[in-house]
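Data first, discussion second: the structure below is written as structure tokens.
Computation of the quantities below employed the complete heavy-atom set of this structure, encompassing side-chain atoms and omitting hydrogens, waters and symmetry-equivalent molecules. Note that the structure is predicted; figures quoted are calculated from it, not measured.
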Amino acid sequence: MKTLCGLDCSECGLRNECGGCTETNGHPFGGSCMIAVCCKDKGCENCGRSFEAPCKLKKQLIAEFNALGIEDMEEVTGLNALYGAYINLQYSLPGGQKIKFWDDDRIYLGNQICKKNSNRCYGLTADENYLLVCEYGDNGSDAEIIVYKKRR
């Protein structure tokens, strides 16, 4: 399966449902893919034509996550392409309202990192404009927002 960013999607369990990166012009699942947008806009001149190679976008986001200085979060060393429907957790606001931050049909960059000395994890997600770090238990249970901030 050919992609705009060079990722190998041949082993992805959702490859038949996404519609294909090149076939949808960077809009798998009908939403946009921030990696494809970056590669199309910038031509990956700084990325070696592959998201798996040293990618300027990935490097910048890793630096931004690490700069947050979350004490019990391990250093972020990598980011993955994440389907919005899998990572779009629901959060309870102080007034009892429920909110989701992401679009189920987009592809974001992020990772899951174990919280030091805990059975909980940190979920990291980024798009072109925002960083989100949340903490959660098994299967995304009891999700809490740690940081949600505008990038740059």
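Here the closest heavy-atom approach between residue F65 and residue T125 is recorded as CZ-O, 3.6 Å. The two residues L109 and M34 come nearest to each other via the heavy atoms N-SD, 3.7 Å.
The NE2 atom of H27 lies 5.5 Å from the OG atom of S32; values are rounded to the nearest 0.5 Å. Atom CG of D127 and atom CZ of R151 lie 8.0 Å apart (nearest 0.5 Å). Note that the CG atom of L93 and the NZ atom of K98 stand 9.5 Å from one another [nearest 0.5 Å]. Considering CG of N117 and CG of D72, their distance stands at 8.0 Å, rounded to 0.5 Å. Separating the CD1 atom in I107 from the SG atom in C18 is a distance of 7.5 Å, to the nearest 0.5 Å. Note: C134 SG to I146 CD1 = 8.0 Å, rounded to the nearest 0.5 Å.
Salt bridge absent: K116 and E74 never bring a charged side-chain N and a carboxylate O closer than 4.0 Å. The existence of a salt bridge linking E71 and K115 is excluded, since no basic side-chain nitrogen approaches an acidic carboxylate oxygen closer than 4.0 Å. With salt bridges taken as basic N to acidic carboxylate O contacts below 4.0 Å, one links R106 and E128.
In the displayed structure, Y86 atom OH is contacted under 6.0 Å by at most 12 heavy atoms of other residues, nucleotides or ligands.
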May I have the step-by-step check of side chain to side chain contact (heavy atoms under 4.5 Å, CB included) for R120 and D142, ending in yes or no? CA-CA 10 Å; R120 293 176 62 81; D142 303 317; 3.8 Å; yes

Is there a side chain to side chain contact (heavy atoms under 4.5 Å, CB included) between L124 and L131 once you walk through the steps? CA-CA 7 Å; L124 288 64; L131 295 176; over 6 Å; no

Check against side chain to side chain contact (heavy atoms under 4.5 Å, CB included), F29 and D104: CA-CA 9 Å; F29 303 103; D104 285 350; over 6 Å; no

Side chain to side chain contact (heavy atoms under 4.5 Å, CB included) between E144 and L89: does it pass, once the steps are laid out? CA-CA 9 Å; E144 299 174 31; L89 300 178; over 6 Å; no

Please determine whether side chain to side chain donor-acceptor pair (under 3.5 Å) holds for the pair Y136 and Q112, giving the CA-CA distance in whole Å, both sets of side-chain angles, and the decisive distance to 0.1 Å. CA-CA 10 Å; Y136 50 80; Q112 175 178 289; 2.8 Å; yes

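The shortest distance between side-chain heavy atoms of Y122 and N111 does not fall below 4.5 Å. At a threshold of 4.5 Å between non-hydrogen side-chain atoms, the residues V147 and I70 count as touching. In this structure, L79 and I62 have side chains that are in contact, with non-hydrogen atoms separated by less than 4.5 Å.
A donor-acceptor pair under 3.5 Å is absent between the side-chain atoms of N80 and the main chain of L82, judged by distance alone. Here the side chain of N139 pairs no donor or acceptor atom with the backbone of S141 at under 3.5 angstrom. Judged purely by atom type and a 3.5 angstrom limit, N66 uses its side chain to pair as donor or acceptor with the backbone of V76. Judged purely by atom type and a 3.5 angstrom limit, N88 has no side-chain atom pairing as donor or acceptor with the backbone of G84.
Each of E64, K58, K56 was compared with Q60 under the side-chain hydrogen bond (donor to acceptor under 3.5 Å, both in side chains) criterion, and only E64 meets it.
Figure legend: cation-pi geometry between K149 and Y130 absent, as NZ or CZ is not positioned both under 6.0 Å from the six-membered ring centre and within 45° of its axis.
If you look at Y83 and Y108, their ring centroids are not closer than 6.0 Å.
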